[in-house]
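FYI, side chains are in, hydrogens and waters are out, and symmetry mates aren't considered; it's all heavy atoms of this structure.
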Amino acid sequence: MNRLVWKLLRRHISIGQLAGFFLANLFGMMILLLSVQFYRDVLPIFTQGDSFMKKNYVIATKRISTLGSFTGKSNTFSPKDIEEMKEQPFTRNVGVFTPSLFKVSAGLGMQEAGIHLSTEMFFESVPDEYVDVSLDKWHFDQENQVIPIIIPRNYLNLYNFGFAQSRSLPKLSEGLISLIQMDITLRGNGRTERFKGKIAGFSNRLNTILVPQTFMDWANSSFAPGKKARPSRLIVEVKNPTDTAITDYFQQKHYETEGDSLDAGKTTYFLRLITGIVMGVGLFISILSFYILMLSIFLLLQKNTAKLENLLLIGYSPNRVALPYTILTACLNLLVLILAVGGVVWLRSYYTEIIGNLFPQLETGSMLPCWIIGGMLFLMVSLLNIMMIHRKVTSIWKGDKVYA
């Protein structure tokens, strides 16, 4: 009997209208799912390791003038300066660079390669949340006498492409230099202690030699008791790097920024904005396709009003009359979901190959986010379609009863 009902009701189905819904919904869902999957696949580039796109940071220093150099004017930040920076509307958080108040010397040697380097150096530290490498090895244990150290990546590049190149010395990879231990000597307050230094990572953001904050606090109190570390640099997390208030405030206070941190932050902001716009376009197209489908179903119901009234009058329930339409919409939505996910898989195979060439160490995520979002959209759209179809058929049924 259901087959006969379906044959009766399908005569006025518009293939063109349903094809329009199908293509629009497929296009919209593909854009939306591809945006979600692409974002999840490249998210490690934004949030892990030493990515410059992790957050929007600005490293602030005080401008050093010629007159200030002769008069001995301090270029450090006072507690008042730091509080004023925190109170600015563009600021999300502020961290300070803590300098070492003791003397540091380091030796690095590789007998097999004939390399031995020794130099006076310095340490700085920042709170752990501002460190742009993995924190797995970023802790100091006084009993082990091993200091984890992060150095700027450009230091290694200077050695490989400058010093080593000119002296015909072997070049060092990041993995190799991470295996090398340094001999660190600390002096101050009449004390001399020796430690081992272990390279824990390489930073693109922080142009300094970093040690953990816990080590710096202990070392300053041990080798320079009674002295107070005054930071000469601040690391500022800003809400929106395109905000002109940042530049205006820095010019007013005679502050400077290191490198192109503001430009990198602007790039990050616009990339996130573009990703959001693409996802919004996909969602908007999906919503429009939903209305196209509902319009097609309502027109089909309107054309079949007389037949529906007759079926309802002879005893068919509203649920049974609406069943062919609900099956039609659910099948169309399911087919859209399968084809959309298939299209994402096909396109993903191309961009993951490009990402793999640019970032060999990056591991792309699974397709689970795509299936979850697609499944949620399928359920939501299908339920809305079924509810509205049942509502329309029920309204016809109630109108028949009143008419009778």
Side-chain angles (χ1 to χ4, degrees), residues 43-61 76-77 79 81-83 85-86 88 90-102 104 106 121-156 174-175 177-178 181-182 184 186 195-224 227-239 241 257-259 261 264-265 268 361-362:
L43 188 61
I45 302 177
F46 298 165
T47 58
Q48 293 180 3
D50 53 4
S51 168
F52 76 95
M53 302 177 75
K54 184 177 182 180
K55 290 181 181 178
N56 299 318
Y57 290 112
V58 175
I59 298 177
T61 59
T76 59
F77 290 91
D81 294 332
I82 298 173
E83 287 301 318
M85 182 69 77
K86 290 180 178 179
Q88 298 307 308
F90 57 77
T91 300
R92 192 183 301 276
N93 203 357
V94 177
V96 300
F97 284 79
T98 304
S100 56
L101 302 177
F102 46 87
V104 182
M121 59 188 299
F122 66 94
F123 286 151
E124 281 188 302
S125 65
V126 294
D128 290 350
E129 60 264 28
Y130 298 99
V131 176
D132 54 344
V133 301
S134 174
L135 299 179
D136 295 341
K137 303 177 181 179
W138 193 239
H139 57 274
F140 170 69
D141 187 352
Q142 189 176 348
E143 296 181 359
N144 293 337
Q145 298 288 297
V146 177
I147 307 171
I149 298 172
I150 295 175
I151 64 175
R153 183 167 277 110
N154 58 4
Y155 282 20
L156 182 60
E174 292 185 8
I177 202 170
S178 297
Q181 284 193 344
M182 295 184 291
I184 307 293
L186 309 182
F195 296 83
K196 292 294 183 181
K198 182 77 171 178
I199 302 297
F202 300 85
S203 174
N204 283 331
R205 179 194 305 152
L206 304 173
N207 191 24
T208 188
I209 302 174
L210 281 180
V211 292
Q213 187 70 51
T214 53
F215 166 78
M216 183 64 76
D217 294 339
W218 171 82
N220 277 341
S221 62
S222 300
F223 293 93
K227 294 183 180 180
K228 185 174 180 60
R230 297 286 296 272
S232 59
R233 294 192 294 172
L234 301 178
I235 180 167
V236 185
E237 182 185 349
V238 297
K239 299 176 182 177
T257 61
E258 291 187 0
S261 53
T268 305
Q361 75 282 3
L362 182 67

For the [atom1] atom of [X] and the [atom2] atom of [Y], what is their distance to the nearest 0.5 Å?
X	Y	atom1	atom2	value
K198	I184	NZ	CD1	13.0 Å
H139	N144	NE2	CG	7.5 Å
S221	L101	OG	CG	10.0 Å
I209	E124	CD1	CD	9.0 Å

Taking all non-hydrogen atoms of both residues, which atom of [X] and which atom of [Y] are closest, and how far apart?
X	Y	value
D81	T76	OD2-O, 4.3 Å
P212	P148	CD-O, 3.3 Å
P99	N220	O-ND2, 3.2 Å
I149	I151	CG2-CG2, 3.9 Å
P127	V96	CD-O, 3.7 Å
W138	L210	CH2-O, 3.5 Å

Do [X] and [Y] come within less than 4.5 Å of each other through their side chains, counting heavy atoms only?
X	Y	result
F195	L186	yes
V126	F97	yes
V94	F77	no
P231	I82	yes

Given side-chain contact (heavy atoms from CB on, under 4.5 Å), test V58 with F90 step by step and report yes or no.
CA-CA 11 Å; V58 175; F90 57 77; over 6 Å; no

Applying side chain to side chain contact (heavy atoms under 4.5 Å, CB included) between T98 and each of R230, Q213, R233, report the one that passes.
Q213

Excluding sequence neighbours, so at least two apart, what forms ring pair (Phe, Tyr, Trp, His ring centres under 6.0 Å) with Y130?
Y57

Please enumerate all residues that pass ring pair (Phe, Tyr, Trp, His ring centres under 6.0 Å) together with F102, with sequence neighbours excluded.
F223

Once salt bridge (Lys or Arg N to Asp or Glu O under 4.0 Å) is applied, do any residues pair with K196, and if so which ones, sequence neighbours excluded?
D183

